[in-house]
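Structure, as C-alpha cells:
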2 protein chains.
Amino acid sequence: MTKNDTKNELLDCAQDLIQRVGVNAMSYNDLANQVGIRKASIHYHFPKKEDMIVALLTRCNLVYGQVYEEIMCLNRTPKEKLHLIADIFENGIRDGKVCIIGMLSVEFASLGAAVQQAAGNAINLTSKIYEKAFIQAVDEKTLPADFDTYAAAYGFFSFLLGVQILSRCRNDIDNFKNSVNIYIESILPDSK
Amino acid sequence: MTKNDTKNELLDCAQDLIQRVGVNAMSYNDLANQVGIRKASIHYHFPKKEDMIVALLTRCNLVYGQVYEEIMCLNRTPKEKLHLIADIFENGIRDGKVCIIGMLSVEFASLGAAVQQAAGNAINLTSKIYEKAFIQAVDEKTLPADFDTYAAAYGFFSFLLGVQILSRCRNDIDNFKNSVNIYIESILPDSK
DNA sequence: AAAACAACCTACCTCCTAGTAGGTTTGCAA
DNA sequence: TTGCAAACCTACTAGGAGGTAGGTTGTTTT
C-alpha cells in the first residue's frame, strides 16, 4: 500500500459526506464507519476536524484547479468551455452532491477562522480560473474590451452553485440544463 | 400581548439563526437564550424541531410571497423588478444572512421528509413568482414568445442564491452588485 | 537484537443535543 | 370560587459529538 493511503481515503470519504450532507452533519463516527477504522484513529491523521477540512480544501484546490485548467487550455470557444464546467456541476446533482465550496460557504458562520479563510481563498481561485473563458471572449472581441471579466466569472460560478443546490433538491436535471443554456446564451454573444 | 406572541418570536429567532448558521448549527438552546424562555418550553410550541422548520417555511412562503407579489404589481419594467428582488438578497448579505430556502436546500439531505417537501415546494413557489417578470417581458415583446420563462426565473433565483452565498463569505457587496448588473443586463434585452 | 516510529486500538472524558415527565403559575370562564 | 387549560418551569434521559490518554501492533532503522 502506498503511503498516506488511509489519509487520502479519509479525505475521499469526508469530501463525499460533506458534499452530501454538509460539514455540520458529518461526524468522525460516520467517517470511521465508512473507512473501516475506529473514530479515535482519525485523530491521528487529523487532530482536529478543522485540520481535516483545511486539508480537504487544499486538495480540492489542486485537483479541481487542474481539471479547470485543462478545460481552459482546450481549443474551444468560451461558450463550449462554460458548458464543460457546467457538466461537472450537473454530474454533482446526479450523485446528490453540492460543490464543496458552496457547502462550506453556506455553513460559513459556524466554521473556524482557518476554514473560513481557506474557503474565501477557494472562491477567488475558482473565479479566477473561470475568468479565463471570459478573457478569451474579450480577446476574440465577442465581448467589449471594458467587460468586467472577473465579475462575470464570479457570477457564473455563483449561478452554477445556486442552480446545483436547487436542482439537487428536486432531482431536476432538466431545469438545470434549461437554466444553464439560457444563462450561457445570454452572457456570451455568439462567436463569429 | 397578542396571542401566539412567543410562538412568533420563536419563529423570528429561528429564522434569524438558520439564515446565519444553518439548521444543523442552530439548537433549541440558542433559541431559548435569545427568546428568554427555557429550552423545554419551546417543545410546548413546537414538539419536534421539524415542526418548527415546517411552520417557519410556511410563514416565509406567505411573507415573501406577498413581498414579491407587491413588486410584481408595480408599474415598472421587468429589469427594474429583477433589481428590486436582488436588493432583498443584497440586504441579506449586509446582515450576514442567506436566503432560508437556500440554507435548507444545502442541508437538504440531513432534513426530515416533511421539511424536504416543504423546501421543494418553496423553490417552485418562488420561481413561479419571479417568472412573472419574464412573462411581462414576453408580453412586451422584449423577449421572444417561445422563451422559457420558468427556466429563466428558476435560473435567476439560483443566481441570486449563489451570489448571495459566495458574497456573504467575503463580505463583498461590490462583487455582488457587479455580478447582478451583468446578469440582468445579459438576460433581459433593453426595453424600448 | 534493540530501539524507534507509524498506525492503529480500547476506553474514557466532557459537553451538547433533542426530547420527556411532571409540577407550577396565571388568567379566564362557569 | 372553583375548574380548567395555556404557558411556562425544573429536572431528567439517552445518545452522539469532538477529543484525549495510553496501550498494542508491525515495520523500519540502527
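Keep in mind the model is a prediction, meaning the values are calculated, not measured. Heavy atoms only: backbone and side chains are in, while hydrogens, waters and symmetry mates are out.
- For the pair A:A40 and B:I37, nearest-nucleotide mapping onto DNA chain D gives the more 5' position to B:I37.
- Remark: A:N29 is not in phosphate contact with D:dG18, judged by side-chain N or O atoms under 4.0 Å from OP1 or OP2.
- Using a 30° and 60° split on the angle between ring planes, B:F159 and B:F156 fall in the parallel class, below 30°.
- When the C1' atom of C:dC8 is taken as reference, atom CD1 of A:I42 falls 12 Å away, rounded to whole Å.
- A salt bridge does not link A:D139 with A:K132: every distance from a Lys NZ or Arg NE/NH1/NH2 to an Asp or Glu carboxylate oxygen is 4.0 Å or more.
- In this structure, B:K48 and A:G36 both approach DNA chain C, and ranking their closest nucleotides by distance from the 5' end singles out A:G36.
- Rounded to whole Å, atom C1' of C:dA7 lies 12 Å from atom CG of A:D5.
- Taking atom CG of B:N33 as the reference point, atom C1' of C:dC16 lies 13 Å away to the nearest angstrom.
- Distances were taken from every side-chain heavy atom of B:S27 (C-beta onward) to each of C:dT17, D:dA6, D:dG18; the shortest belongs to C:dT17.
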List the atom pairs, with distances to 0.1 Å, where a side-chain N or O of residues 83-97 of chain A and a protein N or O form a donor-acceptor pair under 3.5 Å, not counting sequence neighbours.
| from | atom 1 | to | atom 2 | distance (Å) |
| --- | --- | --- | --- | --- |
| A:E90 | OE2 | A:R94 | NH2 | 2.3 |
| A:N91 | ND2 | A:D87 | O | 3.4 |
| A:K97 | NZ | A:D16 | OD1 | 3.1 |

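- Computed from coordinates, the A:K7 NZ to C:dA6 P distance equals 11 Å when rounded to whole Å.
- Taking atom CZ of residue A:R38 and atom P of nucleotide D:dT20, one finds them 20 Å apart after rounding to whole Å.
- Ring geometry for A:Y154 versus A:Y150: interplanar angle under 30°, hence parallel rather than tilted (30 to 60°).
- Side-chain nitrogen and oxygen atoms of A:T6 include at least one within less than 4.0 Å of the OP1 or OP2 phosphate oxygen of C:dC8.
- The interatomic distance linking B:L31 (CG) with C:dG19 (P) rounds to 13 Å, in whole Å.
- In this structure, CE of A:M52 is placed 13 Å from P of D:dA17, rounded to the nearest angstrom.
- Contact annotation: A:Y44 reaches the phosphate of C:dA7 (side-chain N/O to OP1 or OP2, under 4.0 Å).
- When each of B:H45 and A:K39 is assigned the nucleotide of DNA chain D with its nearest heavy atom, B:H45 is the one assigned upstream, toward the 5' end.
- A:M26 comes within 4.0 angstrom of the backbone, heavy atoms only, and of no base.
- The side chain of B:H43 lies closest to C:dG19 when the candidates are C:dA6, C:dG19, D:dC9.
- Residue B:N24 comes nearest to B:E107 through the heavy atom pair N-OE2, 3.0 Å, listed as atom of the first residue, atom of the second, then distance.
- Here the nucleotide nearest the side chain of A:S41, chosen from D:dG19, C:dC9, C:dT20, is C:dC9.
- Across the protein-nucleic acid pair, B:Y28 atom OH and C:dA18 atom C1' stand 8 Å apart, rounded to whole Å.
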